[in-house]
Undergrad: 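Handing you a structure now.
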Amino acid sequence: MKDCIFCKIINKDIPASIIYEDQEYLAFKDINPIDKVHILIIPKIHIENLIECDETHQMMLGKMLLLGSKLANKLGLKGYRTMINSGVEGGQEVFHIHFHVYGGSKTLAKI
Ligand code: 5GP
Ligand code: ZN
């Protein structure tokens, strides 16, 4: 989608530190990490957020969660946090659905 920063990353119109890519998903490092490791996983189709999802997105969402687990393992995380912010009131800043996976520090403070 035009004017979507994550679509621009998918299309390689703007750079990102990409750690994984397949036909359906892209994963890259968050530009402003909140932990030692902080990646974002996005589907290549433009969907705003979880609020816009329905039953037709079940497979896409499930695969995204499992990809997060796989990549966390690949990045050496024995445990990690996950987050999907949805809507302005949910703290969402980029309106292309994305799955945060982060960890690596020992602190267990809630963010
Ligand atoms: P949200 O608050 O929407 O869940 O999170 C958006 C995330 O995207 C933030 O953690 C922010 O640091 C990250 N982000 C925003 N713009 C860019 C960008 O251009 N490149 C990368 N790699 N991350 C971005
Ligand atoms: Zn997009």
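Heavy atoms only: backbone and side chains are in, while hydrogens, waters and symmetry mates are out. Remember, it's 1-based here, ligands and their atoms both numbered in the order they're listed.
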Undergrad: Quick test: of every protein heavy atom, which one is nearest to atom 14 (N) of ligand 1, and how far off is it to 0.1 Å?
TA: Ile31 CG2, 3.8 Å
Undergrad: Can you tell me which residue and heavy atom of the protein come closest to atom 19 (O) of ligand 1, and the distance to 0.1 Å?
TA: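 Looking at atom 19 (O) of ligand 1, the protein heavy atom closest to it is Ile5 CD1, 3.5 Å.
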Undergrad: For ligand 1, which atoms have a heavy atom of His100 less than 4.0 angstrom away?
TA: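 Every atom of ligand 1 under 4.0 Å from some heavy atom of His100: 1 (P), 4 (O), 5 (O), 7 (C), 10 (O).
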Undergrad: Closer than 4.0 Å to some heavy atom of Asn85 - which atoms of ligand 1 meet that?
TA: 1 (P), 2 (O), 4 (O)
Undergrad: Please report which non-hydrogen protein atom sits nearest to atom 3 (O) of ligand 1, along with the residue it belongs to and the distance in Å to one decimal place.
TA: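 Going atom by atom, the protein heavy atom closest to atom 3 (O) of ligand 1 ends up being Glu93 N, 2.7 Å.
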Undergrad: Can you measure from CD1 (Ile39) to CD1 (Ile18) and round to the nearest 0.5 angstrom?
TA: 12.5 Å
Undergrad: Within the structure, is a non-hydrogen atom of Met83 found at a distance of less than 4.0 Å from ligand 1?
TA: no
Undergrad: Would Lys29 count as a polar contact of ligand 1, with the cut-off being nitrogen or oxygen pairs under 3.5 Å?
TA: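 Yes, at least one N or O pair falls under 3.5 Å.
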Undergrad: To the nearest 10°, how many degrees is the angle His96 ND1 to the Zn ion (ligand 2) to His46 ND1?
TA: 100°
Undergrad: Where on Leu40 is there a heavy atom closer than 4.0 Å to ligand 1, on the side chain, on the backbone, on both, or on neither?
TA: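 It is the side chain that gets close, since no backbone atom is under 4.0 Å.
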Undergrad: Can a non-hydrogen atom of Gly91 be found less than 4.0 Å from any atom of ligand 1?
TA: yes
Undergrad: Would you indicate whether the side-chain heavy atoms of Leu75 and Tyr80 approach each other to under 4.5 Å?
TA: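 They are not in side-chain contact.
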Undergrad: Nearest 0.5 Å, please: how far is CD in Glu21 from NZ in Lys12?
TA: 3.5 Å
Undergrad: Is there side-chain contact between Cys53 and Gln58, with heavy atoms separated by less than 4.5 Å?
TA: no
Undergrad: Is it the case that the side chain of His98 and the backbone of Asn85 share a donor-acceptor pair, with hydrogens and angles ignored and the cut-off at 3.5 Å?
TA: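 No; judged by distance alone, with no hydrogens or angles, the pair does not exist.
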Undergrad: For the residue pair Leu65 and Thr82, establish whether any side-chain heavy-atom pair is separated by less than 4.5 Å.
TA: no
Undergrad: Please write down residue, atom name and distance for the protein heavy atom closest to atom 15 (C) of ligand 1.
TA: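 Scanning the protein heavy atoms, the shortest distance from atom 15 (C) of ligand 1 goes to Val94 CG2, 3.9 Å.
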Undergrad: For the side chain of Asn49 and the backbone of Ile51, is there at least one donor-acceptor N/O pair under 3.5 Å apart?
TA: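 Such a contact is found between Asn49 side chain and Ile51 backbone.
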Undergrad: Hey, is Phe95 one of the residues with a heavy atom under 4.0 angstrom from ligand 1?
TA: no
Undergrad: Would you call the rings of Tyr102 and His38 parallel, tilted or perpendicular, where under 30° means parallel and over 60° means perpendicular?
TA: tilted
Undergrad: Measure the distance from atom 1 (P) of ligand 1 to every protein heavy atom, then report the residue, atom name and distance (to 0.1 Å) of the closest one.
TA: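 Residue, atom and distance for the closest contact: His98 NE2, 3.1 Å.
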Undergrad: Hey, is ligand 1 close enough to Asp30 that some N/O pair sits below 3.5 Å?
TA: yes
Undergrad: List ligand 1 atoms under 4.0 Å from Phe6, heavy atoms only on the residue side.
TA: 8 (O)
Undergrad: What's the separation between atom NE2 in His100 and atom CG in Asp35, rounded to the nearest 0.5 Å?
TA: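 Here the interatomic distance stands at 13.0 Å.
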Undergrad: Considering the heavy atoms of Phe28, write down every atom of ligand 1 situated less than 4.0 Å from one of them.
TA: 21 (C), 22 (N)
Undergrad: Is it the case that more than 12 heavy atoms not belonging to Lys29 sit under 6.0 Å from its NZ atom?
TA: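 Atom NZ in Lys29 is not packed in, count stays at 12 or less.
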